[in-house]
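Report on one structure; see the data block that follows.
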Amino acid sequence: MMKKAVMQFTACCLALGISVSSFGAVAFADNSMTLAGLGEKSTVAASTSVTLAGLTETGTAAASGGDASAAAAAETTTMADETASTDSDTTTDAESAETSEDADASETSEEAAETEAAETSTEASETETAETSTEAQTETETELVYDTSMSGELAFAQCDNYINVRSDASTDGEVVGKIYNNNSVTILGQLGDWYEIQSGNVTGYVKADYFATGESADEIAEEVAYNVATVNAEGLWVHTEASEDSETIGMVYSSEQMEVVSYEGDWMKVVLEDGTYGYVNAWYVDYDTYYSTGETLEEESERLDEEWLEYLAESEAEQERLDEQWLAYLAEQEAAAAAETETSTAAETYVETAASTETSSSSSTSLSEAEAAVDEAYQTYLEAQEAADAATQQADEQLVYDTYDEAVDAYQDYLDAVAVADELKYSSTTTDTTATTETTTTTTETTQTEAAQTEAAQTEAAQTEAAQTEAAQTEAAQTEAAQTEATETEATTTSTSSSSTLGQSIANYAVQFVGNPYVYGGTSLTNGADCSGFTQSVFAHFGISIARTAASQATGGTSVSLSDIQAGDLLFYSDGSGISHVALYIGGGQVVHASTSSTGIIISSYNYRTPVCARRYWS
């Protein structure tokens with residue numbers, strides 16, 4: 001700024017005519033040029049100044065050779081212009097720098113804004129990520145964990161009937177099978193309060209609350225286990241005692257199986273196929289323990305189909321039996337009616353009074369109506385029975401029961417009509433006889449006639465009572481069949497008075513499986529069972545849990561004297577060394593039992609062998 005002021009001052013002096021020596025001007029210009037950073041030669045500076053000022057070459061020569069003042073003035077002007085130009089350049093540079101600084105500031109501001117926006121976005125992203133992570137962590141914390149700590153553990157179902165096995169650990173899962181009371185399962189894992197299990201051919205999820213594990217499962221296992229010894233030698237002697245020196249009672253061969261009663265050191269006490277107890281060397285058999293398992297829905301469907309076909313077959317057989325009884329009853333009724341007609345005809349010969357005649361006529365009319373009602377009721381019964389027979393050919397179980405009940409009702413109506421007719425016949429005969437006695441002389445012939453009539457009436461009454469008793473027994477049997485959804489019992493000797501008891505119901509249920517096979521070690525009522533497996537499964541149907549082997553069953557329940565046994569009691573038989581067989585008493589001196597592989601499930605006299613004790617589980 002000082003340089004600019006000096007130059008402005010010099011320009012003013014020249015404009016006022018103030019003379020300045022060329023030396024001083026040149027010297028000042030030289031100093032100014034030095035300050036401006038120009039070259040040392042004043043002439044060069046002047047020449048440059050002239051050129052910058054836009055003067056001609058002539059002017060330059062004049063300035064160099066002539067007027068020193070003009071030259072100085074020109075030089076000064078030139079320097080001023082140069083200074084101005086310099087200042088202009090400086091100002092421009094400053095403005096440019098300022099503009100550049102503003103631009104830089106603007107760019108810096110934008111960068112800062114972008115940086116801030118980026119940081120804000122980053123923070124938002126980090127916040128969102130953190131929130132997402134927190135939510136994911138929360139979901140992970142609440143998600144159920146599949147626990148395999150109980151994998152391979154044995155558990156037993158504890159329920160009234162059965163437990164559904166589902167495809168998922170939820171009540172919304174599809175039902176894929178059923179586990180019945182005391183069935184065993186193998187736990188694969190646990191998800192919340194659900195077990196994933198396998199039992200037989202069914203795999204899925206069940207509620208853990210319905211299964212016993214740990215010590216409870218161990219106790220149940222001892223009660224329901226079925227231990228089997230399989231011979232792994234070509235032949236193996238069965239001894240009477242746990243010693244090689246004891247007497248032999250038979251031989252078992254390779255792959256044969258025997259029920260194990262107890263394990264005594266190197267010996268096993270076993271039950272042979274015929275129910276005989278003995279001992280075999282444990283080194284020559286394989287020992288396995290079995291438990292009953294669940295079933296898939298397909299297996300259940302097949303089992304129910306088989307049971308239904310068996311039910312239909314047994315129903316048909318029972319109906320044939322009832323039809324035979326009915327025909328026999330009708331034959332007896334016809335014979336009795338014929339005898340009564342002969343007697344009535346003989347009695348009517350002695351009726352001589354009008355009153356007697358009128359009474360007989362009135363009674364005859366009422367009797368005719370009663371007999372017509374009997375015929376009508378019988379026809380109704382035949383039609384109902386025909387409908388019931390037709391229903392058994394259809395796959396509608398309810399229709400079978402409905403038509404069967406209608407047939408029973410129609411049969412009862414028929415019996416009621418017969419009773420009314422019989423009463424009229426008896427009353428008519430009594431009236432006729434009384435009138436005859438009052439109006440005729442008592443003679444030997446009259447006495448004989450009266451005796452004949454009385455005998456006929458007694459015969460008719462006895463026959464009617466027998467028919468009613470038979471009908472009542474038949475109806476009770478049919479009602480029992482409908483309630484148990486099975487065929488009527490083949491044990492026809494059981495009494496009506498005990499049919500309402502639980503023991504009788506157990507007996508009735510058991511006999512429907514007569515004819516099914518005996519399978520050693522089996523517990524299936526339809527596909528095969530041994531003696532103790534048969535009784536265990538029968539009682540299980542009524543929710544009663546008993547031990548697996550005959551020997552163990554003989555120690556449970558309540559002891560009953562053989563003179564006081566009732567239907568539903570278990571009778572036990574011995575081979576001399578222990579309990580070897582069990583049968584179910586059905587009343588009338590008979591038992592039903594899984595006998596042998598050659599006979600299957602049969603009915604026998606209770607003393608076909610001498611029973612040693614009896615136990616009752618149903619009361």
Side-chain angles (χ1 to χ4, degrees), residues 156-162 180-183 212 219-220 222-224 292 472-473 476-514 523 525 529-574 579 581-594 601 603-619:
F156 291 89
Q158 298 296 285
C159 59
D160 293 333
N161 195 353
Y162 63 84
Y180 297 88
N181 187 44
N182 282 337
N183 278 175
E219 294 176 358
I220 297 173
E222 292 181 1
E223 296 180 3
V224 303
S292 58
Q473 293 175 342
Q478 292 167 341
T479 302
E480 181 66 25
Q483 291 175 343
T484 58
E485 297 182 2
T487 61
E488 170 55 33
T489 175
E490 293 184 18
T492 58
T493 57
T494 56
S495 64
T496 303
S497 61
S498 64
S499 63
S500 61
T501 67
L502 176 57
Q504 186 64 58
S505 297
I506 294 173
N508 292 344
Y509 177 75
V511 297
Q512 68 176 300
F513 302 106
V514 169
T523 58
L525 297 174
D530 58 18
C531 64
S532 56
F534 173 70
T535 54
Q536 184 188 50
S537 296
V538 167
F539 277 91
H541 177 77
F542 293 89
I544 301 174
S545 178
I546 65 175
R548 177 61 185 84
T549 63
S552 299
Q553 291 176 8
T555 62
T558 303
S559 178
V560 179
S561 172
L562 291 174
S563 61
D564 296 328
I565 56 175
Q566 298 181 28
D569 292 341
L570 295 182
L571 301 186
F572 297 91
Y573 303 85
S574 173
I579 300 299
H581 191 64
V582 59
L584 177 66
Y585 186 66
I586 60 176
Q590 294 181 313
V591 293
V592 59
H593 58 134
I601 299 174
I603 293 177
S604 304
S605 173
Y606 85 101
N607 59 356
Y608 81 103
R609 290 168 57 187
T610 302
V612 295
C613 65
R615 311 294 292 189
R616 181 173 298 163
Y617 283 90
W618 48 269
S619 64

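Both backbone and side-chain heavy atoms feed into the values below; hydrogens, waters and symmetry mates do not.
- In this structure, the side chains of Gln158 and Asn182 come closer than 4.5 Å at one or more pairs of heavy atoms.
- Under the 3.5 Å distance criterion, the side-chain polar atoms of Asp569 are left unmatched by any main-chain donor or acceptor of Arg616.
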Take Leu584 and Val511 through the test side chain to side chain contact (heavy atoms under 4.5 Å, CB included) and record every step on the way to the result.
CA-CA 9 Å; Leu584 177 66; Val511 297; over 6 Å; no
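- Here the two rings, on Tyr573 and Tyr608, have centers that are under 6.0 Å apart.
- Contact detail for Gln553 and Ala547: the closest heavy-atom pair is NE2-O, 2.9 Å.
- Around atom OH of Tyr180, more than 12 heavy atoms belonging to other residues, nucleotides or ligands sit under 6.0 Å away.
- In terms of modelled atom types and a separation under 3.5 Å, the side chain of Gln566 and the main chain of Gly503 share no donor-acceptor contact.
- Residue Ser574 holds its OG atom at 12.5 Å from NE2 of His581, rounded to the nearest 0.5 Å.
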Assess the residue pair Phe534 and Val592 against the criterion (side chain to side chain contact (heavy atoms under 4.5 Å, CB included)); give the C-alpha distance rounded to whole Å, side-chain angles, the decisive distance to 0.1 Å, and a yes or no.
CA-CA 10 Å; Phe534 173 70; Val592 59; 4.1 Å; yes
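- Closest of all the heavy-atom pairs between Ala529 and Gly533 is CB-C, 4.1 Å.
- Taking CG from Leu570 and CD1 from Ile506, the interatomic distance works out to 8.5 Å, rounded to the nearest 0.5 Å.
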What donor-acceptor contacts under 3.5 angstrom involve side-chain atoms of residues 554-561, with partners at least two apart or in another chain?
residue	atom	partner	partner atom	Å
Thr555	OG1	Ser552	O	2.7
Ser561	OG	Ser563	N	3.3
Ser561	OG	Ser563	OG	2.9

Residue pair Phe539, Tyr617: steps toward the side chain to side chain contact (heavy atoms under 4.5 Å, CB included) verdict:
CA-CA 8 Å; Phe539 277 91; Tyr617 283 90; 3.8 Å; yes
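- With rounding to the nearest 0.5 Å, the separation of CG in Asn183 from CZ in Phe156 is 9.5 Å.
- Nearest heavy atoms, Gly568 versus Ala507: N-CB, 4.2 Å.
- Shown here are the side-chain contact (heavy atoms from CB on, under 4.5 Å) partners of Ser537, two or more places apart in sequence or in another chain: Thr523, Leu525.
- Tested against His541 for a ring pair (Phe, Tyr, Trp, His ring centres under 6.0 Å), the candidates Phe513, Tyr162, Tyr509 yield a single pass: Tyr509.
- Judged purely by atom type and a 3.5 angstrom limit, Glu223 has no side-chain atom pairing as donor or acceptor with the backbone of Ile220.
- For the atom pair OG of Ser604 and CD of Gln590, the computed distance is 8.5 Å after rounding to the nearest 0.5 Å.
- Residue Tyr606 qualifies as open at atom OH: its count of foreign heavy atoms under 6.0 Å is 12 or below.
- One distance of note links SG of Cys613 with CG of Leu562; it measures 7.5 Å at 0.5 Å rounding.
- If you take CZ on Arg548 and CG on Asp530, they are separated by 4.5 Å, rounding to the nearest 0.5 Å.
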